[in-house]
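Take a look at the structure below.
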Amino acid sequence: MLTIGPYVLPSRAVLAPMAGVTDRPFRILCRKLGAGLAASEMLTSDVRLWNTSKSRLRMSHEGEPEPRVVQLAGADPAALAEAARLNVDRGAQIIDLNMGCPAKKVCGKLCGSALLQDEPLVARILETVVSSVSVPVTLKIRTGWNRERRNGVSIARIAESCGIQALAVHGRTRADFYEGAAEYETIRAIKSTVRIPVFANGDINDAQKAREVLDFTGADGVMIGRASHGAPWIFRSVNAFLADRNAHAALSRTEVRDIILAHLDSLYVFYGEGTGVRIARKHLGWYCEQCFPDSAQVRRDLMGASSTAAQFALASKHFDEWVHRAAQAA
Ligand SMILES: Cc1cc2nc3c(=O)[nH]c(=O)nc-3n(C[C@H](O)[C@H](O)[C@H](O)COP(=O)(O)O)c2cc1C
């Protein structure tokens, strides 16, 4: 049983926080399809920047299943603590701290994985935030600053001693950005060092890989990011495979179409007309890679729609045809 504080997670496979992707509609969708947890897109700890529509949407949790996780990014312990408190007041049930993002600057200062090079600052941030909220605080890191200074184990020790209640580790260093393959040796070393739950992250793109990474690292769970793009049902198949290697969790084309159309609808409701079309375009592009890998025409057609009504009508048409083609071939 995988628990974080008082919360028992329904699955060992969780959605990775991804700015621009893990908005409320996508989190709710992935949770419905079996993700054990789904953290929000990172929110800056600088409360002066919260008065934008982007930040307001990032802090919205209506209809989201528990536990609601808010990820914060920043470098100033007091500001992070204040941001954590405010988010708990607004419904966050777990606060996740981002020390995994490779961007040079988030909110104008070095933060994210850049913090990994300053262990005393990491300790100050973690102690301050943990002591300022009553909910569990979790941490997301990379394996270290760079390959010469892979200090993930040391950071994990600091995290545990500061009261962090779960750790997600992306198997790359900050210097790696997204290049090369993720390595899992450091995650294994971290897991064997600390007693808090550890999630292995990086390049887990199907159920088989999830099983292999869990077996190799001994991690308590896996965190899946990019492989959920256009395939939020990956959590369903990982869960089924982890429960029984011979289980088949494949969805019918009808079910896939219905999920995609309902996803579009939820994006329109959440973002409204203009932004709704733009955000839905991104997801449609990913769904096209899954469902129409050989049809540039369908993709062009869907990308060209400029209103929610036109986009939805085109998506219905193309995904209906996709369902019927399979029925005819059967
Ligand atoms: C588009 C995108 C946005 C991301 N944004 C965040 C973020 O806001 N916070 C964070 O901790 N990591 C972020 N990440 C990193 C992911 O959480 C994850 O660690 C990384 O993608 C590796 O996992 P994967 O190979 O399963 O995608 C982001 C990754 C991507 C691709």
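In each ligand, atom 1 is the first atom listed, and ligand 1 is the first ligand listed.
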Q: Kindly write out the residues that satisfy side-chain hydrogen bond (donor to acceptor under 3.5 Å, both in side chains) with Arg195, not counting sequence neighbours, or none if the list is empty.
A: none
Q | Which residues share a salt bridge (charged side-chain N to carboxylate O under 4.0 Å, His left out) with Arg85, sequence neighbours left out | A | Glu82
Q: List in chain and number order the residues that pass salt bridge (charged side-chain N to carboxylate O under 4.0 Å, His left out) with Asp220, two or more places apart in sequence or in another chain; answer none if no residue qualifies.
A: Lys191
Q: Check the side chains of Gln297 and Arg300 for a donor-acceptor pair under 3.5 angstrom, ignoring hydrogens and angles.
A: yes
Q. Using 4.0 Å as the upper bound for N to carboxylate O, is an ion pair formed by Glu183 and Arg150?
A. yes
(Q) Show me, by chain and number, every protein residue that has a heavy-atom distance under 4.0 Å to ligand 1. (A) Ala16, Pro17, Met18, Ala19, Met42, Gln71, Asn98, Lys140, His170, Tyr178, Asn201, Gly202, Asp203, Ile224, Gly225, Arg226
Q. Under 3.5 Å, is there a donor-acceptor pair linking the side chains of Glu212 and Tyr184?
A. no
